[in-house]
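Everything below concerns the one structure shown next.
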Amino acid sequence: MSISKTYLPKETEDKWYSYWLKHNFFKSVPDEREPYTIVIPPPNVTGVLHMGHMLNNTIQDVLVRRARMKGKNACWVPGTDHASIATEAKVVAMLKERGISKKDLTRPEFLTYAWEWKEKYGGIILDQLKKLGASCDWDRTKFTMDEELSEAVIDTFIHLYKKGLIYRGVRMVNWDPQGKTAVSDEEVIRKEINQKLYYINYEVVSSEFLVLSEKETQNSKLKTQSYLTIATTRPETIMADAAICINPNDERYVHLHGKRVFIPLINREIPVILDEYVTMDFGTGCLKVTPAHDLNDYELGQKHNLPVIDILNDDGTLNEKAQILVGEDRFIARKKIAVLLEEAGALAKVEDYKSQIGFSERTDAVIEPKLSMQWFCKMGEMAKPALEYVLDGEVKLIPEKFINTYRHWMENVRDWNISRQLWWGQQIPAWYLPNGEFVIAKNIEEALKEAQLKTQNSQLTTADLTRDPDVVDTWFSSWLWPISVFDGFKDPNNADINYYYPTNDLVTAPEILFFWVARMIMAGHEFRGAAPFKNVYLTGIVRDKLGRKMSKSLGNSPDPLELIEQYGADGVRVGMLLCSPAGNDLMFDVSYCEQGRNFANKIWNAFKLIKGWEVDSSLANPNEIAIEWFGSRFNQALGEIEDNFTQYRLSEALMATYKLVWDDYCAWYLEMIKPAYQQPIDAVTYNATVAYFENILKILHPFMPFLTEELWHDELFGERDTLDCCIVAQLPNIGEINTQLLTEVEVVKVILTQIRNIRQTKQISPKDALELSYKSNSGINYQQYQAIIAKLGNISTFTAVNDKVLGAVNFLALTDEFFIPLNENIDPVAECARLNKEKDYLLGFLKSVNAKLGNERFMANAKPEVIEIELRKKADAEAKLQIIEQNLVDLAC
RNA sequence: GGGAGUUUAGCUCAGCUGGUUCAGAGCAUCUGCCUUACAAGCAGAGGGUCACUGGUUCGAACCCAGUAACUCCCA
């Protein structure tokens, strides 16, 4: 039979994925085994698979597959997130294309369209993940708006409200005056804009000005001025001013402490307040405080109990509270007010000024900070235990550097605005009464009961109640995810939640450490009394090789499915992991996938080689050493890989595996034992080699599931039962390691490299056999490696000598000398130069070692093992030096 | 403005408690090979003032201080 020259992923991937599905290998039900659980960070229903998902899910799949192969009951729960803002935008856009405006629809009508959209597109990512090989338990697929999950959201809201953790309050939102809606911070695009900075004079209220003390009068240059000057980019908001703020440390303005000033044009009196918040060297050092129209001013206003005067309508025009320019658009008002100020003599000057302005992603309108009534969830109380989990190490963040960021955030946590002015999502369970009061209840019937109780009015009917139109933030459902996917709210003692919760690992991006991870920990503590996971592996952002974030608009992101098409799922998985240190961004380049594909091909070809051998059981085994060596090397690597996994160093675990397979197994072991062309192999070697290969498939499987499953079922490994699959094979245990053998083979490798180097430099064909003799000073018994050296170095005779072979090319391995006589004479000048160079290096080395050993403080302070090491270095260097010096003498240099 | 992080070979990164292996790996590069598993390969080689400046120490890529550049988070 003929085997293809390269590995062909397309012929295996779909086949084995459906085989795994068919035989329920991804399925998990609670049993007596130790569970290993991951809940997927649910991708948005609006999304398509991007490189970030590829990375994130490759990592999860590697972890899950490895756990499965360690005998654990592995459960990876998949699902999607309803992403209220993004999805609603998509649905609105879809409706617009059909000529339907959201305004013309009732809420239920709109939701029908939204569900229709979700059913059609919501599962795309999950289907794409299957191409990657994701071994999720698909029967457990959840959606954040599934009935039980939504019910959990509502119940949670009510629970927290009753506990006093949810309240209504005023908050500054990003208002889009064109779309007449609040938008989230993520939907605001900041741009640097050329603007004007207007310097405006405010007259100081004169009666108070007169009581200036003489000292103050002398202190200030402004002493005789009856006004102060502020600088602002928004002169149209002066009518909403509530105060002027100066820094108490600002010596220029000491005379203003406790004074009041008039707002120009409208002559309303406002106080001068003191706060260190004001930057003295920006503008004039006098800040106009406009609580209704600036977030920082709002907070300042809260602190100083200032009134909030909102002079803008929802569409961005001035309202009657502005007193002047009522009805004008904010930008027209800005121009007109500049003229008015000028005419009134209140405009000191105008300067050009650059600053960041927010624009609405949807309408491109300039965002207006606007105060509005929102629902909030108190965070302070919940943040405390959530911080403790991480500080105690009960929840480990990987890498640890994120603990600092996490702590900083949790110690300065702000209340969470959980309402969104949207329809798609869980509607807030609040009903308003005619008198403006509200009740919180699970449904309208209960709301009515509550309302009647509250008002003592049994005449109230459901018609008197109006439900809050807003929905809760999407994170308010995803923070429950690790509990709600196991139905842990409605049925808090069910078998699943008791078995799978807390989950083991969470793999996600650092940018949602606060939005999501921290809040899940809070919810876990609040509702289960336990953190939702033990380890949080934070991946980096996938960037292109220029370091730019991959994005649709830049067009710098490869299509993951095309990558899989081109390099195979295994190749792409390897490619992703090769460039993904935990927590650091990764500079992705397709060349990594190419490396992955090449690796798959290398494994395929090793298989082809072994597959082609014919066994002759009458032959003796000439490869005892090689077999024992690889066994030791394999066990050693197994330990390194395990260690890397324990520390979540996945790319290093992969690299250790890569080198074990490519270098140790293929380049060294197989070359050592490979029979001559068309010659049969002995049974012992053959069986050992096949067994090693099978073990290699196991350790490769989490990284390269398709290729390994394909090879696993080859007849090379004998008959397999239907359920005897690589995916559920148990990883080998670490066996004996013969360290002496490992060290000696490393020396053998050095010898072979030296021989090859000599061939290369002397232009000797690998086909021409060479004679090698050696003088052993180290005590290594080279005779047992004779066969290997002879085979890999093409050495015809290998003899031990007591005296140096004069006139031969020579080299050192450790302190042992090797000689290869050549027909040509060696160039004494070049040889002397080489030896002298070596000698100089050794002398320098020895000098530094001796300096340490001769240093009293070193001898007194260094640990005994360190001194031991230095002594050995000295002895080695001296032994080598002696040999080199003898060579120099012999050559009469 | 506040906080955090990064800086080691052309690229992406390791380097754990300061001490053979401390200057490493993979890729890329260069040289020679179509040697019957693999040219998506084999063999060999070159490549670095560990960002900079000081300090601590017998000893610093590693600890401390400062400087610079870049990145992220919060505002």
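Note that the structure is a prediction, hence the values are computed from the model and not measured. Values below: all heavy atoms of this structure, side chains included; hydrogens, waters and symmetry mates excluded.
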Counting any heavy atom closer than 4.0 Å, what does [X] reach on the DNA or RNA strands: base, sugar-phosphate only, or nothing?
X         : answer
Phe514(A) : sugar-phosphate
Arg759(A) : nothing
Gln678(A) : nothing
Asn855(A) : sugar-phosphate
Gln754(A) : nothing
Arg414(A) : sugar-phosphate

| message | Under 3.5 Å for both pairing distances: what stems, at least three Watson-Crick or G-U pairs long, include RNA chain B? | response |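 Stems for RNA chain B, defined as runs of 3 or more consecutive pairs: B:1-7 with B:68-74, B:10-13 with B:24-27, B:29-33 with B:41-45, B:51-55 with B:63-67.
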
| Asn644(A) has an atom CG; how far is it from atom P of rC16(B), in whole Å? |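 Value for this atom pair: 14 Å.
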
| task | Find the distance Gln647(A):CD to rG15(B):C1' and express it as a whole number of Å. | result |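 In whole Å, rG15(B) C1' lies 12 Å from Gln647(A) CD.
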
| field | Distance test, side-chain N/O of Lys5(A) to OP1/OP2 of rA39(B), below 4.0 Å | value |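 So the side chain of Lys5(A) is within the cut-off, an N or O lying under 4.0 Å from OP1 or OP2 of rA39(B).
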
| field | Below 4.0 Å: OP1/OP2 of rC73(B) and any side-chain N or O of Arg407(A) | value |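 So the side chain of Arg407(A) is outside the cut-off, no N or O lying under 4.0 Å from OP1 or OP2 of rC73(B).
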
| Among residues 685-693 of chain A, which residues get a heavy atom nearer than 4.0 Å to RNA chain B? |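 Of all residues in residues 685-693 of chain A, none places a heavy atom under 4.0 Å from RNA chain B.
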
The side chain of [X] lies closest to which of these nucleotides: [options]?
X         : options                   : answer
Ile869(A) : rA37(B), rA39(B), rU20(B) : rU20(B)
Arg649(A) : rG15(B), rA37(B), rU57(B) : rG15(B)
Lys767(A) : rG19(B), rU35(B), rA37(B) : rU35(B)
Arg857(A) : rA37(B), rC58(B), rU21(B) : rC58(B)

Does [X] have any side chain to side chain donor-acceptor pair (under 3.5 Å) partners at least two apart in sequence or in another chain, and if so, which?
X         : answer
Asn687(A) : none
Glu710(A) : Lys15(A), Trp16(A)
Asp816(A) : Ser778(A), Tyr782(A)

Mind checking ring-ring contact (aromatic ring centres under 6.0 Å, His included) for [X] and listing every partner two or more places apart, or none if nothing turns up?
X         : result
Trp409(A) : Phe514(A)
Tyr7(A)   : Trp604(A)
Phe703(A) : Phe645(A)

| note | Expected string for nucleotides 4-9 of chain B under the B/S/- scheme (protein heavy atoms, under 4.0 Å, primed atoms plus P, OP1, OP2 as sugar-phosphate) is SS----

Nearest-angstrom distance, [atom1] atom, [N] to [M]:
N       : M       : atom1 : answer
rG10(B) : rG19(B) : C1'   : 32 Å
rA28(B) : rG1(B)  : P     : 45 Å
rG24(B) : rG41(B) : C1'   : 25 Å
rU12(B) : rU29(B) : C1'   : 16 Å
rG26(B) : rA14(B) : C1'   : 10 Å
rC70(B) : rC16(B) : C1'   : 27 Å
rA4(B)  : rC42(B) : P     : 48 Å
rU56(B) : rG48(B) : P     : 30 Å

| Side-chain donor-acceptor pair present, Ser765(A), Asp768(A), cut-off under 3.5 Å |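 Side chains of Ser765(A) and Asp768(A): no pair found under 3.5 Å.
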
| query | Does the side chain of Gln647(A) pick up a donor-acceptor pair with the side chain of Asp643(A) at under 3.5 Å? | reply |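 Side-chain D/A pair, Gln647(A) to Asp643(A): present.
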
Counting N and O atoms only, with roles assigned by atom type, does the side chain of [X] sit under 3.5 Å from a partner on the main chain of [Y], one being a donor and the other an acceptor?
X         : Y         : value
Lys659(A) : Ala637(A) : no
Asn623(A) : Ala626(A) : no
Asn605(A) : Asn601(A) : yes
Asn794(A) : Lys767(A) : yes
Ser796(A) : Leu770(A) : yes

| task | For the pair Lys611(A) and Glu715(A), find out whether any cationic side-chain nitrogen is under 4.0 Å from an anionic carboxylate oxygen. | result |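 A salt bridge is present here (some side-chain N lies under 4.0 Å from a carboxylate O).
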
| message | Taking the nucleotide of RNA chain B with the nearest heavy atom to each, does Gln763(A) or Cys666(A) sit closer to the 5' end? | response |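 Upstream on the strand: Gln763(A).
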
| field | Contact nearer the 5' end of RNA chain B, comparing Asp876(A) with Asn601(A) | value |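 Closest to the 5' end, via its nearest nucleotide, is Asp876(A).
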
| said: Assess the residue pair Arg834(A) and Glu838(A) against the criterion (salt bridge (Lys or Arg N to Asp or Glu O under 4.0 Å)); give the C-alpha distance rounded to whole Å, side-chain angles, the decisive distance to 0.1 Å, and a yes or no. | reply: CA-CA 6 Å; Arg834(A) 183 180 75 84; Glu838(A) 188 92 347; 5.4 Å; no

| query | Does a sphere of radius 6.0 Å around CD in Glu746(A) hold more than 12 heavy atoms from other residues, nucleotides or ligands, not counting ones at 6.0 Å or beyond? | reply |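 For Glu746(A), atom CD is crowded (more than 12 foreign heavy atoms under 6.0 Å).
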
| field | Crowding at NZ, Lys749(A) (>12 non-hydrogen neighbours, <6.0 Å) | value |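 Correct, the count exceeds 12.
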
Classify the ring geometry of [X] against [Y]: parallel below 30°, tilted from 30° to 60°, perpendicular beyond 60°.
X         : Y         : result
Phe818(A) : Phe811(A) : parallel
Tyr665(A) : Phe693(A) : tilted
Phe599(A) : Tyr658(A) : tilted

Produce the list of close N/O pairs, under 3.5 Å, pairing protein atoms with atoms of nucleotides 24-28 of chain B; give distances to one decimal.
residue : atom : partner   : partner atom : Å
rA25(B) : O2'  : Lys659(A) : NZ           : 2.9
rG26(B) : O2'  : Gln595(A) : NE2          : 2.4
rC27(B) : OP1  : Tyr658(A) : OH           : 3.4

Output a table of nitrogen or oxygen pairs between the protein and nucleotides 47-51 of chain B separated by less than 3.5 Å.
none

| message | Exactly one of Asp714(A), Leu707(A), Leu697(A) should register a side chain to side chain contact (heavy atoms under 4.5 Å, CB included) with Phe607(A). Which one does? | response |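 Answer to the side chain to side chain contact (heavy atoms under 4.5 Å, CB included) test with Phe607(A) among Asp714(A), Leu707(A), Leu697(A): Asp714(A).
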
Table of protein N/O atoms under 3.5 Å from nucleotides 44-46 of chain B N/O atoms:
residue : atom : partner   : partner atom : Å
rG44(B) : OP1  : Thr753(A) : OG1          : 3.4

| rC38(B) base to Lys608(A) side chain: any donor-acceptor pair below 3.5 Å? |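 A donor-acceptor contact between them is absent.
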
